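For reference, the structure is listed below as structure tokens.
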Amino acid sequence: MNSVSYSREHSLNLFSYLKYLYNKRQEDILYYKRYNELKKIMQNESLETFFQPIVNLQTGQTFGFEALNRPGQPEFFSSVDHFYEFVGQTDMVFEFEKFCRNLSLKRYIAGLNEKLQDEDFNLFINIHPHVLLDKHYHSGDTLQLLIDIGIRPDQVVFELTERSAVTDFQEFERVLSNYRSQGYRIAIDDVGSGYNSLKTLIFLKPEFIKLDRSLIQNIDESKPSQQLVSLIYDYAVQSDTKIIAEGIERKEEIMYLQKLGIHYAQGYALGRPGRTIECGELPSLT
């Protein structure tokens with residue numbers, strides 16, 4: 001009886017192990033295919049770049065654009081979020097971020113028509129906080145490209161997502177001071193969506209605070225959102241920081257934010273992301 005039980009248990013363990021090996025091999029094959037597709041995307045510059053306008057809520061003028069890079073229809077990724085999640089799991093994060101940054105700058109200049117070339121717009125470029133701390137990252141690389149294509153550093157805003165937790169604030173503050181000395185400015189994205197917001201704002205002292213869309217949607221009807229945004233606005237005024245509200249889709253949201261004094265905003269109600277660079281505008285609020 002004991003030998004029979006042992007034999008069954010041994011067979012089950014062997015089956016489980018073989019199943020594990022099979023699944024592991026399938027995962028490795030899929031990783032390899034995705035990794036190769038990522039390399040091809042970079043080699044062929046097959047990312048699509050969209051530009052979404054950021055509008056001054058008080059004047060209606062376009063203040064700048066956020067560059068958004070998206071893969072077309074990658075074969076082995078189910079969504080854009082899935083694609084970027086995979087990139088973060090590879091050893092290509094630094095190289096891919098540099099690729100996206102340079103691609104955004106080149107396509108921005110190429111996309112400005114004659115009417116817009118003389119405008120003093122600002123370009124917001126998404127960058128992972130950990131990339132700035134990477135020893136391989138040298139801001140001089142980007143600075144040389146800016147010189148080549150004719151953009152001033154003070155027109156470029158590095159947009160850091162607040163969802164990526166910063167742990168060594170003092171080191172990060174030191175690094176950002178170096179970039180600011182060259183003219184770059186900093187925006188903290190997704191403020192209000194994570195647990196680290198207040199500490200991030202205090203230590204990094206961004207020139208721009210981008211309020212997460214979860215705070216902005218239906219803010220005209222949400223007392224808790226109104227209270228939190230008012231507190232952040234008061235802080236911004238005292239620290240000489242500008243606020244950008246994201247995810248604007250309704251004129252009622254615009255009217256409330258205008259009344260509060262929020263500086264800038266972006267969202268479908270002001271201008272959708274597009275391959276061509278087009279200024280946004282305030283919708284009729286009557």
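Side chains included, hydrogens not; waters and symmetry mates left out as well; all remaining heavy atoms used. This structure is a prediction, so every number in the text was calculated from the model and none was measured.
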Tabulate below the donor-acceptor pairs under 3.5 Å that side-chain atoms of residues 108-119 make, not counting sequence neighbours, or state none.
| residue | atom | partner | partner atom | Å |
| --- | --- | --- | --- | --- |
| Asn113 | OD1 | Lys115 | N | 3.0 |
| Asn113 | OD1 | Leu116 | N | 2.9 |
| Gln117 | NE2 | Leu112 | O | 3.4 |

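- If you take CD on Gln52 and CD on Glu278, they are separated by 12.5 Å, rounding to the nearest 0.5 Å.
- Residues passing the side-chain contact (heavy atoms from CB on, under 4.5 Å) test with Met92 are Tyr35, Leu38, Lys39, Met42, Thr90, Glu95, sequence neighbours excluded.
- Scanning both residues, Cys279 and Thr62, for their nearest heavy atoms gives CB-OG1, 3.2 Å.
- Proximity of Phe158 to Arg185: side-chain heavy atoms (C-beta onward) are nowhere separated by under 4.5 Å.
- Between the side chains of Asn218 and Arg250, at least one donor-acceptor pair of N or O atoms lies under 3.5 Å.
- Leu146 is listed as a side-chain neighbour of Thr142, based on a closest heavy-atom distance under 4.5 Å.
- For Glu207 (side chain) and Lys242 (main-chain N/O), no donor-acceptor pair under 3.5 Å exists by modelled atom type.
- In plain terms, the two heavy atoms of Asp120 and Gln155 that are nearest each other are OD1-NE2, 3.4 Å.
- Under a 4.5 Å side-chain heavy-atom criterion applied to ILVMFWY residues, the cluster that includes Phe63 comprises Ile54, Phe124, Val157, Phe208, Ile244, Tyr264 as well.
- To the nearest 0.5 Å, atoms CD1 (Ile243) and CD1 (Ile209) are separated by 5.5 Å.
- If you take NZ on Lys106 and CG on Asp148, they are separated by 9.5 Å, rounding to the nearest 0.5 Å.
- For the pair Ile248 and Ala265, the tightest heavy-atom approach, listed with the atom from each and the gap, is CG1-CB, 3.8 Å.
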- Carefully, step by step, assess Asp154 and Asn122 under the rule side chain to side chain contact (heavy atoms under 4.5 Å, CB included). CA-CA 8 Å; Asp154 65 302; Asn122 298 272; over 6 Å; no

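- Within 6.0 Å of CD in Glu221 there are more than 12 heavy atoms belonging to other residues, nucleotides or ligands.
- With hydrogens and angles left out, the side-chain atoms of Asp81 and Ser79 include no donor and acceptor closer than 3.5 Å.
- Residues Glu246 and Asp189 meet the side-chain proximity criterion, which asks for heavy atoms closer than 4.5 Å.
- Residues passing the side-chain contact (heavy atoms from CB on, under 4.5 Å) test with Leu285 are Lys251, Ile254, Met255, Gln258, Pro283, sequence neighbours excluded.
- Listed by first and then second residue, the salt bridge (charged side-chain N to carboxylate O under 4.0 Å, His left out) pairs that reach into residues 55-73 are Glu66-Lys210, sequence neighbours excluded.
- Across every non-hydrogen atom of Asp220 and Glu252, the tightest pair is OD2-CB, 3.4 Å.
- Between Tyr233 and His263, the angle of the ring planes lies from 30° to 60°, which puts this pair in the tilted group.
- A donor-acceptor pair under 3.5 Å is formed between the side chain of Thr241 and the backbone N or O of Pro206.
- Side-chain contact annotation: Arg275 with Thr49, donor-acceptor N/O pair under 3.5 Å absent.
- The shortest distance between side-chain heavy atoms of Ile216 and Ser225 does not fall below 4.5 Å.
- Side chain of Glu159 to backbone of Ile127: no donor-acceptor contact under 3.5 angstrom is found.
- With contacts defined as side-chain heavy-atom distances shorter than 4.5 Å, the pair Pro153/Tyr179 does not qualify.
- Counting Ile, Leu, Val, Met, Phe, Trp and Tyr side chains that sit under 4.5 Å apart, directly or through other members, Leu231 stands alone, with no cluster partners.
- With values rounded to the nearest 0.5 angstrom, Leu57 atom CG is found 6.5 Å from Leu282 atom CG.
- Stacking of Arg272 on the aromatic ring of Tyr268 is recorded, both the 6.0 Å distance cut-off and the 45° axial limit being met.
- A heavy-atom distance below 4.5 Å is found between the side chains of Phe86 and Phe77.
- In terms of modelled atom types and a separation under 3.5 Å, the side chain of Asn44 and the main chain of Ser46 share no donor-acceptor contact.
- Linking Ile, Leu, Val, Met, Phe, Trp and Tyr whenever their side-chain heavy atoms come within less than 4.5 Å leaves Phe65 and Leu103 in two separate clusters.
- Leu270 and Pro53 get closest at one heavy-atom pair: O-CG, 4.3 Å.
- Note that OG of Ser222 is 9.5 Å distant from CG of Leu228, once rounded to the nearest 0.5 Å.
- In this structure a side-chain-to-backbone donor-acceptor pair under 3.5 Å is present from Glu253 to Glu249.
- Looking at heavy atoms from C-beta onward, Phe51 lies in side-chain contact with Leu123 at the 4.5 angstrom threshold.
- Neither Phe83 nor Tyr32 shares a network with the other; the hydrophobic side chains, linked directly or stepwise wherever heavy atoms of I, L, V, M, F, W or Y lie under 4.5 Å apart, form separate groups for each.
- By the criterion of side-chain heavy atoms lying less than 4.5 angstrom apart, applied directly or through intervening Ile, Leu, Val, Met, Phe, Trp or Tyr residues, Phe50 is not grouped with Val87; the two fall into different hydrophobic clusters.
- Between Asp212 and Ser214, the shortest heavy-atom distance links the atoms OD2-OG, 2.6 Å.
- Between atom CD1 of residue Ile188 and atom CZ of residue Phe203 there is a gap of 13.0 Å, rounded to the nearest 0.5 Å.
- Residues Val156 and Val175 share a single hydrophobic cluster, defined by chaining ILVMFWY side chains whose heavy atoms lie under 4.5 Å apart.
- Taking hydrophobic clusters as Ile, Leu, Val, Met, Phe, Trp and Tyr residues chained together by side-chain heavy-atom distances below 4.5 Å, Leu68 does not share a cluster with Leu105.
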- Task: Under the side chain to side chain contact (heavy atoms under 4.5 Å, CB included) rule, what do Leu143 and Gln182 come out as? Steps first, then yes or no, please.
- Result: CA-CA 8 Å; Leu143 187 60; Gln182 299 177 61; 3.5 Å; yes

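- No side-chain heavy atom of Phe99 sits less than 4.5 Å from a side-chain heavy atom of Asn69.
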